[in-house]
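Please read the structure below before turning to the comments.
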Amino acid sequence: MKSYLAAAIQMTSVPDLQKNLDQAEELIDLAVRQGAELVGLPENFSFMGEEKDKIAQGIAIAQATETFLHQMAQRFQVTILGGGFPIPVNSNGKVYNTALLVSPNGQELARYRKVHLFDVNVPDGNTYQESSTVMAGQELPSVYSSPDLGKIGLSICYDVRFPELYRHLSSHGADVLFIPAAFTAFTGKDHWQVLLQSRAIENTCYVIAPAQTGNNYHRRQTHGHAMIIDPWGVILADAGEKPGVAIAEIKPTRLEQVRRQMPSLQHRVF
Ligand SMILES: O=C(O)CNC(=O)[C@H](CS)NC(=O)CCC(=O)C(=O)O
């Protein structure tokens, strides 16, 4: 593993596939021009809108998004995580909320289907019933081991509330945890940063958290603050509230140092 720059992209995705892919391309370009070699896009980066529209356009969104990720990785010669987009399940009219990691030569490195679905009545009056259109993944994410970029673990959004998933990743050697999200503005203001820092600190891993921000559609407001956090829990970069990118250096020497200073992973009893 070498030292390198990673980018967590922050965008305001809307119910318009092409518009979102154009916005994502601009932000990938911006990140690459600043030197990023690993670039993460947020949950719902290619489509964010009403559940019924997402289902109606499911096949088109899935195909265009996969093609886009492969093209961008090859054109910019970087590794890209597409942080969550719908892929139709053949049998039942639902989709998997899927994250895909693609290499600079356009190869698929890892794929993860979100296992924890956001079925929550948020106290701001918005009701989320992700399971009405999304099928829960049945497998824990695997860790992709890159000779250059370290061991990379995937997850999506609401997963961040379930520390056992990240324990699984760190016990399989993860160095970098991806947590792409479309966090609600209401929960995000109190929980987002604390949860991300907790996952970084307790697993002594880098956290790369691309995010949705602003007004996406109808009454949906997302929290923003895409960030990169180091294994000590220090926030290295925070994209604030506007579309943009958070960029920071991922360093193997910092991982070794923190794991020497705080060897909590070695002290696990359970
Ligand atoms: O809102 C939308 O349209 C799109 N959102 C999403 O796709 C997903 C599932 S509904 N959002 C979350 O998981 C938010 C979690 C969260 O905010 C928390 O854990 O507090």
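Both ligands and their constituent atoms are indexed starting at 1 by order of listing.
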Atom 17 (O) of ligand 1 - nearest protein heavy atom and its distance: T184 N, 3.0 Å
Parallel under 30°, tilted from 30 to 60°, perpendicular over 60°: which one fits the rings of F45 and F68? tilted
H191 contact mode with ligand 1 (heavy-atom cut-off under 4.0 Å): neither
So which of Q23, E43, Q212 actually passes side chain to side chain donor-acceptor pair (under 3.5 Å) with S13? Q212
Sub-4.5 Å side-chain heavy-atom contact between R220 and N126: yes
Give me the residue, atom name and distance of the protein heavy atom closest to atom 19 (O) of ligand 1. R161 NE, 2.7 Å
Per-atom contacts of ligand 1 with M48, taking only distances under 4.0 Å to non-hydrogen atoms: 1 (O), 2 (C), 3 (O), 4 (C)
For F162 and Y158, I'd like to know if the aromatic rings sit close, meaning centre-to-centre distance below 6.0 Å. yes
Does D159 come within less than 4.0 Å of R199, counting only side-chain N to carboxylate O? no
I want to know if ligand 1 touches E51 in the polar sense, i.e. an N/O pair below 3.5 angstrom. no
Of the protein's non-hydrogen atoms, which lies at the shortest distance from atom 6 (C) of ligand 1, and what is that distance? N44 ND2, 3.4 Å
Using a strict cut-off of 4.0 Å, indicate which atoms of ligand 1 neighbour a heavy atom of T187. 16 (C), 17 (O), 18 (C), 20 (O)
Which ligand 1 atoms, with their elements, are less than 4.0 angstrom from a heavy-atom of R220? 1 (O), 2 (C), 3 (O)
Checking contacts here: is it the side chain or the backbone of H116 that comes within 4.0 Å of ligand 1, counting heavy atoms only? Could be both or neither. neither
Cation over ring face, K94 and Y96, 6.0 Å, 45°: no
Closer than 4.0 Å to some heavy atom of A182 - which atoms of ligand 1 meet that? 11 (N), 14 (C)
Atom 12 (C) of ligand 1 has as its nearest protein heavy atom C157 SG, 3.2 Å
Rounded to the nearest 0.5 angstrom, the OG1-CH2 distance for T184 and W192 is 11.0 Å
Does ligand 1 have an atom under 4.0 Å from some heavy atom of E43? yes
Checking heavy atoms under 4.0 Å, the part of Y158 that sits near ligand 1 is both
Salt bridge present between R167 and E164 (N-O < 4.0 angstrom): no
Does any pair with a residue in residues 1-12 pass salt bridge (charged side-chain N to carboxylate O under 4.0 Å, His left out), and if so which ones, sequence neighbours excluded? K2-E37
Determine whether any heavy atom of Y217 lies closer than 4.0 Å to an atom of ligand 1. yes
